[in-house]
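Here's the structure, in structure tokens; my notes come after.
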Amino acid sequence: ETGVTQTPRHLVMGMTNKKSLKCEQHLGHNAMYWYKQSAKKPLELMFVYNFKEQTENNSVPSRFSPECPNSSHLFLHLHTLQPEDSALYLCASSPRDSTYEQYFGPGTRLTVT
Amino acid sequence: ILNVEQSPQSLHVQEGDSTNFTCSFPSSNFYALHWYRWETAKSPEALFVMTLNGDEKKKGRISATLNTKEGYSYLYIKGSQPEDSATYLCAFYYSGNTGKLIFGQGTTLQVKP
């Protein structure tokens, strides 16, 4: 138990659906991250939020839309995804920037049909 | 393009063996090097965050060294146990960005009883 929770744990969606992934941390951290883990690829950063402000968008397609309403919650809104977007999506948090260790959630396994 | 390379890709050892893996990263603009352990069906768990050249950190039977001038870090496991079976990830944080960790592909360790 890392203190970072993610829901849902599994999600199957069609290409025309709209869904959201939720991440929550009660560690008092000020930075939150979305990562994507595709098969046989390194863990890939998608977005970084520091103190609720987005500070990094790693050239992510606009069909992925993050939202950080407060320092404890992070969402990833999904719409018109493609089958190649099927992956494990991990959320993480850290006290501040990446000189601190990151605490990861268990991930959401997404399948796009 | 910034790249983090880990070797070997996978490793099978017997219980009691000591082992080590390598993480190679760009030697310029270094800020921090992270090591994570990722067991199947669990969240990645931070082992170490290292920032100083020549640094050596230890947690139980696991230790890591850092050489920022030549761009490598070693992770050592002394007396491997079956519970050490996991994928070990390293991640590089370089100065001048806003929180982006670049991960290697990982070394998957299997310890046979």
Side-chain angles (χ1 to χ4, degrees), chain A residues 1-6 9-10 23-25 27 29-60 66 68 74 87-109, chain B residues 1-7 9-10 21 23-26 29-52 55 57 59 62 64 66 68 73 75 86-108:
Chain A
E1 186 62 52
T2 62
V4 181
T5 59
Q6 287 186 246
R9 296 290 306 273
H10 299 271
C23 175
E24 190 170 349
Q25 58 93 3
L27 301 169
H29 291 169
N30 293 304
M32 295 189 78
Y33 311 81
W34 277 117
Y35 287 93
K36 177 182 179 182
Q37 168 84 80
S38 301
K40 298 188 179 179
K41 285 188 176 180
L43 202 55
E44 184 183 357
L45 180 76
M46 300 175 74
F47 301 104
V48 180
Y49 277 82
N50 276 292
F51 295 91
K52 301 187 296 177
E53 297 296 319
Q54 189 183 124
T55 54
E56 180 80 33
N57 176 337
N58 195 23
S59 303
V60 180
C68 188
L74 185 64
L88 179 69
Y89 290 84
L90 288 164
C91 172
S93 71
S94 67
R96 275 179 54 197
D97 58 27
S98 291
T99 53
Y100 295 84
E101 62 189 32
Q102 296 187 5
Y103 292 73
F104 285 84
T108 295
R109 175 68 64 186
Chain B
I1 296 176
L2 294 170
N3 219 25
V4 176
E5 299 284 343
Q6 289 189 248
S7 62
Q9 199 168 337
S10 64
F21 336 126
C23 172
S24 301
F25 51 87
N29 301 316
F30 176 86
Y31 216 78
L33 193 283
H34 294 224
W35 280 101
Y36 291 86
R37 167 197 160 99
W38 195 357
E39 289 181 71
T40 304
K42 292 189 177 180
S43 311
E45 175 195 354
L47 290 172
F48 307 111
V49 178
M50 308 172 80
T51 55
L52 299 174
D55 209 1
K57 294 209 171 182
K59 188 184 269 191
I62 304 177
L66 179 67
T68 61
S73 174
L75 188 79
T87 296
Y88 292 82
L89 302 172
C90 73
F92 169 67
Y93 179 44
Y94 62 97
S95 60
N97 77 44
T98 49
K100 182 175 176 177
L101 270 185
I102 300 172
F103 279 82
Q105 202 137 1
T107 293
T108 299

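Here is the naming used below: chain letters follow the sequence lines, and residue numbers restart at 1 for every chain.
Here the straight-line distance linking atom OG1 of A/T99 with atom CE of B/M50 works out to 14.5 Å at 0.5 Å rounding. Note: B/I102 CD1 to A/L43 CG = 12.0 Å, rounded to the nearest 0.5 Å. A/N57 CG to B/K100 NZ: the interatomic distance, rounded to the nearest 0.5 Å, is 10.0 Å.
Crowding of A/Y49 atom OH: a count of heavy atoms from other residues, nucleotides or ligands under 6.0 Å exceeding 12. Annotation: B/K59, atom NZ; neighbour count of heavy atoms from other residues, nucleotides and ligands within 6.0 Å is above 12. Within a 6.0 Å radius of NZ in A/K52, no more than 12 heavy atoms belonging to other residues, nucleotides or ligands are found. No more than 12 heavy atoms of other residues, nucleotides or ligands sit less than 6.0 Å from atom CD of B/Q9.
Contact tally against chain B (heavy-atom pairs below 4.5 Å) for A/K41, A/R109, A/Q37: the top residue is A/Q37. Taking A/E44, A/E101, A/K40 one by one and counting their heavy-atom pairs under 4.5 Å with chain B, the maximum is reached by A/E101.
In plain terms, the two heavy atoms of B/G104 and A/P42 that are nearest each other are O-CB, 3.7 Å. Nearest heavy atom pair, residue A/Y100 against residue B/V49, reads C-CG2, 4.1 Å. Taking each heavy atom of A/G105 and B/P44 in turn, the nearest pair found is O-CD, 4.4 Å. When every heavy atom of A/L90 is checked against every heavy atom of B/W38, the shortest pair comes out as CD1-CH2, 3.7 Å.
Heavy atoms of B/W35 lying under 4.5 Å from chain A are absent altogether. Only the side chain of B/Y36 comes within contact range of chain A, with heavy atoms under 4.5 Å apart.
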